[in-house]
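Remarks on the structure that follows.
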Amino acid sequence: MTLKVLSVDDSRTIRLIVTRALMEYDCVVIEAANGEEGLAAAAREKPDLILLDITMPVMDGVTMLGKLKEDDALKQMPVIMLTAESGRENVSHISKLGIQDYLVKPFRAEQLIEKAVRAVPLQKKAAA
Amino acid sequence: MRRAPSSLDIQALIHQALRDVFEKMLSLSVQPAEANPHPEYSDRVVGCVGLAGESVTGDVFLHVSDILARKISAAMLAVHLHEIQGCEQVHDVVSEVTNMLGGRLKSRLCDAGFRCAMSTPTIIRASAFRIDAAPELRPRECFFVCGQEKFLVEVQLKFNDSKAYDPQSS
């Protein structure tokens, strides 16, 4: 089953890294550059997993997450938050937001895969 | 009493953060370098993030030459150097590296009791300019080398709670 993964990050580089990391897996990656676009994409695409950056212009990840949780149709979507901030308070705060997991930047592609596989039944693509 | 992280701590912290970013996301190694000779840039890309809180404010600048910025971009995007075209990709990569550096420093400051928020990164590109710190800021320059390229991380911090700041620690 092909899964849909929504990558919400203002950095095109990070979105590219996420897409590349998931290339070997049976999924389609949809991209959004901020929380506002991410919220619209979540409602439209109904992704199986959302990878959500915190610090973004227009609408940050925490605000987007809050809006997801207020929407009955979207609140069950698993979310992995990406953050450049590994401070105790930040980690403690985001852990309480009803997310599946979080990943501190910088990260290796394997760490991202490990967390994504733990969150949703992501399968490797069958060899051609 | 809260203690501001010492300059040595900040240098070590920046080195650790850079090493993490370079090794995990770029597969490049980075080493501390002497300040002299000061790196000369014909064209320079500078990433900047701001920190702002009640007890600490400041900025983190990552100064890299255009060629190092391109090498970093190629490494992060896993493409050949010649595939890096124009400035947009380079600026995005330098922004992200600066964001990760700033995020690490912010985290350390918050853990030490100096709560602050971090801005989204901005980029300055030019051939000849100087960033002067305001007199109350305490600039720290940390030099590094990646391959043949020397570069600089500049941290300017102001601790507003003077009672909390221990000058002996810096």
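Because the structure is predicted, anything quoted here is derived from the model rather than measured. Naming convention: chains lettered A, B, ... in sequence-line order (proteins, then strands); numbering from 1 in each chain.
- Counting heavy atoms of neighbouring residues, nucleotides and ligands inside a 6.0 Å radius, atom CD of B/Q16 exceeds 12 of them.
- Closest of all the heavy-atom pairs between B/S107 and A/A84 is OG-O, 4.3 Å.
- A side-chain donor-acceptor contact under 3.5 Å links B/D92 to the backbone of A/T13.
- For A/K4, the NZ atom counts as densely surrounded, since its 6.0 Å shell holds more than 12 non-hydrogen atoms of other residues, nucleotides or ligands.
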*Can you list the steps and then say if A/E85 with B/R104 is a salt bridge (Lys or Arg N to Asp or Glu O under 4.0 Å)?*
CA-CA 6 Å; A/E85 298 168 23; B/R104 184 68 67 90; over 6 Å; no
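- For chain B, the option among A/G87, A/P106, A/A109, A/S11 with the highest count of heavy-atom pairs below 4.5 Å is A/P106.
- Contacts from residues 143-157 of chain B to chain A, taken as heavy-atom pairs separated by less than 4.5 Å, involve no residues at all.
- Across every non-hydrogen atom of A/E89 and B/D111, the tightest pair is N-OD1, 4.3 Å.
- Hydrophobic clustering of Ile, Leu, Val, Met, Phe, Trp and Tyr side chains at less than 4.5 Å, counting indirect connections, unites A/F107 with A/V117.
- Rounded to the nearest 0.5 angstrom, B/T120 OG1 and A/N34 CG are separated by 11.5 Å.
- Separating the CD1 atom in A/I17 from the CD atom in B/E96 is a distance of 7.5 Å, to the nearest 0.5 Å.
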Which atom pairs, one a donor and one an acceptor, fall under 3.5 Å between side chains of residues 55-62 of chain A and the rest of the protein, sequence neighbours left out?
from	atom 1	to	atom 2	distance (Å)
A/D60	OD1	A/V62	N	3.1
A/D60	OD1	A/T63	N	2.7
A/D60	OD1	A/T63	OG1	2.9

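- Side-chain contact between A/R12 and B/E88 is present, with at least one heavy-atom pair separated by less than 4.5 Å.
- Near-neighbour residues of residues 67-80 of chain B relative to chain A, defined by a heavy atom under 4.5 Å from a heavy atom of that chain, comprise B/M76, B/L77, B/A78.
- Residues of residues 20-28 of chain B lying under 4.5 angstrom from chain A, judged on non-hydrogen atoms, are B/D20, B/V21, B/E23, B/K24, B/M25 in numerical order.
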